[in-house]
Structure formats: C-alpha cells, structure tokens
Amino acid sequence: MSEFRQDPFSDRWVVIAQNRAERPQEFSQVETRRDATDCPFCAGNEAETPIEVARYQGTKTKPHAWEVRVVPNKFPAVSPSTPDDDDVVASPLYDGGDCVAGQRQPAVGVHEVIIESPNHAARFSELTDEQAELSFLAYRDRLAALDSDPQIAYGLIFKNAGVAAGASLEHVHSQLIALPWIPPEVQYELTKAQEHLLLRKETLMESVLAAEWDDGSRVVMATDHFLVFCPAASRMPFETWIVPRQPASRYELESPDVIAEAGRLVRELTIRLEQVMERPAYNYWLHSAPLGDESGRIHWRIEVAPRLAHLAGFEIGSGCFINPVAPEDAAVRLR
Ligand SMILES: [Zn+2]
C-alpha cells in the first residue's frame with residue numbers, strides 16, 4: 001500500500017505511491033489523437049476498467065448505454081483499507097534519539113475516475129451540454145457517497161486535461177481523490193475565513209464576490225446563479241473561478257439546477273479558452289468545504305487553471321507563482 005508522509009517543516013503531505021510508476025503513459029511530447037479502438041474509457045471497452053460504481057444516462061441514451069461512467073482508478077494513489085494492510089502503521093516519520101517529527105500512515109482513501117463521454121472525445125469542450133451537466137452531477141454524487149465514510153475527511157474532484165496538465169489518458173475524464181485528512185490548502189482557508197468572518201461579519205467569499213462585481217474588470221461571465229471571473233491574484237495566466245453568487249459551502253449539497261449550470265459554464269469557459277489559445281492544457285478542481293463541515297466559512301467554487309508554463313524552480317521552491325498575464329487582460333480576452 002502507498003504511504004502518506006507529512007513534511008515536518010511545511011506540514012505538506014505527499015503520497016509515496018510506487019505503483020503509480022507503472023501506469024501507462026500514452027503521451028509523448030507531441031500530443032497526437034490516438035486510435036480509439038484500444039482506449040479503455042471508450043464505450044464497448046467497459047471490461048478494461050475496474051467494475052463501475054455509477055453510470056448516468058441522458059434523455060436520448062440508448063438502453064444499456066451510458067453518457068457518464070464512474071470507475072475505481074486502476075492505478076490508485078490511495079485505496080480503501082483492508083484487514084491485511086499491516087505493512088505501514090501510523091507513526092512519526094522521524095523517530096530516533098531525541099527527534100520525533102513528521103508523520104507516516106497508510107495511504108487510505110478513495111481514487112475514482114469519472115469518464116465524461118462514451119465517445120473518444122479528448123476535450124471537455126467537445127461534450128454535449130447534457131454530458132457536461134451529468135459529469136457535474138456525478139461529482140456531486142461521488143462526494144455525497146463519502147459523506148458518511150468515517151475514514152474520509154475530504155474529497156477533491158479534479159481534471160487534468162492535456163499532457164502539460166498531468167493527463168496520462170486522452171479520453172475526457174476527471175478524478176476523485178478522497179483523503180482521511182483535510183488538505184493544508186483547505187485547512188488554512190478555514191482559519192483565514194474564520195478571522196475574516198469575526199472581523200467583517202460576512203464571509204471572505206462574500207466580500208470578494210462583492211468587490212469583483214463592483215470592479216467588473218475581471219468578470220468573464222455573470223448569470224443569475226454564478227459569477228465567473230479571473231481572480232485578482234491569479235496564480236496562472238487565464239486562471240478563472242466559477243463561483244455561486246448565493247454562497248454555499250458544500251458542493252454535494254447544492255441543488256441539481258445550480259450544479260447543471262456549473263457544468264454548462266465550465267464547458268463554455270473551456271470553449272473560450274480554446275478560442276484564445278491553441279488547445280491549452282488545463283486543470284480544474286472543485287474547491288469545496290470539508291465533508292460534513294457546517295461552519296459555512298468556505299464557499300464551494302470551481303477553479304480553472306490553464307497550464308501554459310511548467311511549474312518551475314521558483315514555484316516549487318517558494319510556493320509562490322509568477323503569472324505573466326494580468327487577470328484584467330485575461331478577462332477581456334475571455335469575454
Ligand atoms: Zn476513448
């Protein structure tokens with residue numbers, strides 16, 4: 001089994017997951033459209049994936065067919081605990097003499113793949129609106145299924161689209177990695193948002209939404225339910241957030257209508273990104289409050305980050321980012 005390790009200096013966790021080195025890499029430096037006949041995610045090749053945990057049909061889907069399908073990851077970074085997992089025990093990472101520091105524990109968790117089309121589409125922009133909606137409903141259902149799991153504290157839905165964004169298979173898909181602890185990124189925001197709430201009597205996101213709305217220069221789209229904008233401190237060129245205007249903490253509790261609109265908006269945004277750039281690699285992820293969290297401090301949102309430059313020494317060494325495109329300019333082009 002894999003192992004989590006928490007660095008005692010930064011409190012940053014890593015997964016030591018050696019079996020990940022064996023997963024297939026179908027991309028070379030140049031991305032070429034592959035033949036769909038040997039794609040494990042295409043309809044007809046269902047036997048090549050682990051047994052599915054969910055499938056979704058559209059209004060016009062033929063019987064026994066599917067539009068969106070969820071399967072366990074064949075090469076998981078984390079996995080549910082089983083009684084014979086005794087090779088790693090929870091203990092300090094460094095434990096010798098007077099030094100006790102860091103942690104190690106079994107990499108318990110859930111790692112699933114959401115296959116977002118039965119056809120060999122490579123881009124989220126190629127989906128139908130209905131497939132985009134069903135994908136976002138699947139994200140909700142997978143998170144909701146974890147709500148009662150005592151081993152799981154946080155579930156992150158994310159997409160790697162394109163080799164520069166970390167994708168190892170071309171067929172359009174997203175992933176869920178669920179963890180037994182709250183990631184530092186989220187934990188830090190919980191603390192920060194609590195300070196803001198006490199001081200301002202409104203949540204941090206309420207303040208930011210009001211400021212972005214008033215300013216307007218970074219707004220890309222606005223609907224009744226959502227504000228889509230390039231955040232003022234974007235880490236990546238064309239980084240864009242899709243934020244519900246009615247603040248809500250946990251994505252898995254959101255209404256189906258709002259979730260379906262989120263799917264359509266993300267699809268629309270990926271179309272616009274591809275109009276501005278030549279088939280950009282990108283990541284998006286669903287930033288939501290921890291499972292079961294009732295503090296109301298974090299608001300769920302979708303963060304989309306095109307990957308025009310590799311993370312390099314400065315980013316890795318400092319945890320800071322250099323962004324060569326002002327978000328105000330990015331928003332103009334995405335409008
Ligand atoms: Zn395929």
Side-chain angles (χ1 to χ4, degrees), residues 17 19-20 22-27 31-58 61 65-79 109-143 145-146 155-178 251 259 262-264 266-267 269-271 273-274 279-286 302-307:
N19 64 342
R20 298 278 289 167
E22 294 160 16
R23 75 203 154 121
Q25 291 286 342
E26 65 182 27
F27 286 119
E31 290 191 42
T32 50
R33 195 83 171 205
R34 56 173 278 171
D35 184 356
T37 52
D38 59 350
C39 170
F41 291 170
C42 276
N45 296 341
E46 288 84 353
E48 291 181 32
T49 63
I51 294 168
E52 72 188 26
V53 293
R55 72 163 56 191
Y56 296 81
Q57 297 186 311
T61 310
W66 52 274
E67 297 294 327
V68 171
R69 192 167 166 262
V70 184
V71 298
N73 194 308
K74 200 169 180 179
F75 302 93
V78 296
S79 43
V110 174
H111 193 168
E112 293 177 343
V113 178
I114 299 105
I115 304 166
E116 296 165 338
S117 170
N119 309 315
H120 196 74
R123 316 291 291 181
F124 200 73
S125 58
E126 295 174 45
L127 301 187
T128 63
D129 265 339
E130 186 174 57
Q131 287 167 343
E133 292 171 8
L134 290 172
S135 298
F136 274 68
L137 287 166
Y139 303 165
R140 178 200 62 176
D141 292 348
R142 300 322 301 155
L143 290 174
L146 296 168
L156 184 73
I157 300 277
F158 62 96
K159 178 186 291 297
N160 304 333
V163 65
S168 53
L169 287 169
E170 179 182 70
H171 190 123
V172 61
H173 68 285
S174 295
Q175 299 180 62
L176 161 72
I177 290 186
Y251 180 81
I259 283 173
R264 295 193 300 272
V266 169
R267 177 173 174 269
L269 180 67
T270 60
I271 290 169
L273 286 170
E274 287 165 14
R279 286 174 67 88
Y282 60 86
N283 300 108
Y284 69 67
W285 55 89
L286 181 51
I302 295 147
E303 302 183 8
V304 183
R307 297 296 300 275

Check the pair E126, V172 against side chain to side chain contact (heavy atoms under 4.5 Å, CB included), reporting the backbone distance first and the verdict last. CA-CA 9 Å; E126 295 174 45; V172 61; over 6 Å; no

Check L146 against A178 and note the closest heavy-atom contact, atom names and distance. CD1-CB, 3.5 Å

Student check: side-chain heavy atoms of R123 and R279 closer than 4.5 Å: yes

With side chains defined as the heavy atoms from C-beta onward, is the minimum distance between Y284 and L269 less than 4.5 Å? no

Look only at the side chain of E46 and the backbone of G44, and say whether a donor-acceptor pair between them is shorter than 3.5 Å. yes

How are the rings of H111 and F158 set to each other: parallel, tilted or perpendicular (split at 30° and 60°)? tilted

When rounded to the nearest 0.5 angstrom, what distance separates CG in L143 from CG in L176? 6.0 Å

For the CG atom of N73 and the CD1 atom of I114, what is their distance to the nearest 0.5 Å? 10.0 Å

Rounded to the nearest 0.5 Å, the CD1 atom of I115 sits from the CD atom of E67 at a distance of 13.0 Å

Heavy-atom closest contact (P72 atom, I51 atom, distance): CD-O, 3.1 Å

Between F136 and I302, the two heavy atoms sitting closest are CE2-CD1, 3.4 Å

Spell out, as yes or no, whether a donor-acceptor pair under 3.5 Å connects the side chain of Q57 to the backbone of A65. yes

Nearest heavy-atom neighbours spanning E274 and P280: CG-CD, 3.7 Å

If you measure from CD1 on I157 to OH on Y251, what distance do you get to the nearest 0.5 Å? 8.0 Å

CG of L169 to CZ of F41, rounded to nearest 0.5 Å, is 5.0 Å

Work out which heavy atom in T270 is nearest to a heavy atom in F124; give both atom names and the distance. OG1-C, 4.2 Å

Test: E116 and K159 ion pair at under 4.0 Å: yes

Would you please classify the geometry between the H171 ring and the H120 ring as parallel, tilted or perpendicular, with 30° and 60° separating the classes? perpendicular

Test side chain to side chain contact (heavy atoms under 4.5 Å, CB included) on V53 and R142 and set out the steps. CA-CA 9 Å; V53 293; R142 300 322 301 155; 3.7 Å; yes

Please list, chain by chain and in numerical order, all residues satisfying ring-ring contact (aromatic ring centres under 6.0 Å, His included) with Y282, sequence neighbours excluded. none

pair R69-T49: side-chain heavy atoms closer than 4.5 Å: yes

Just by modelled atom types, is the C39 backbone N or O under 3.5 Å from a matching donor or acceptor in the N45 side chain? yes

Nearest heavy-atom pair of G162 and A281: which atoms, and what distance? CA-CB, 4.1 Å

Taken to the nearest 0.5 Å, the spacing of R55 CZ from L134 CG works out to 13.0 Å

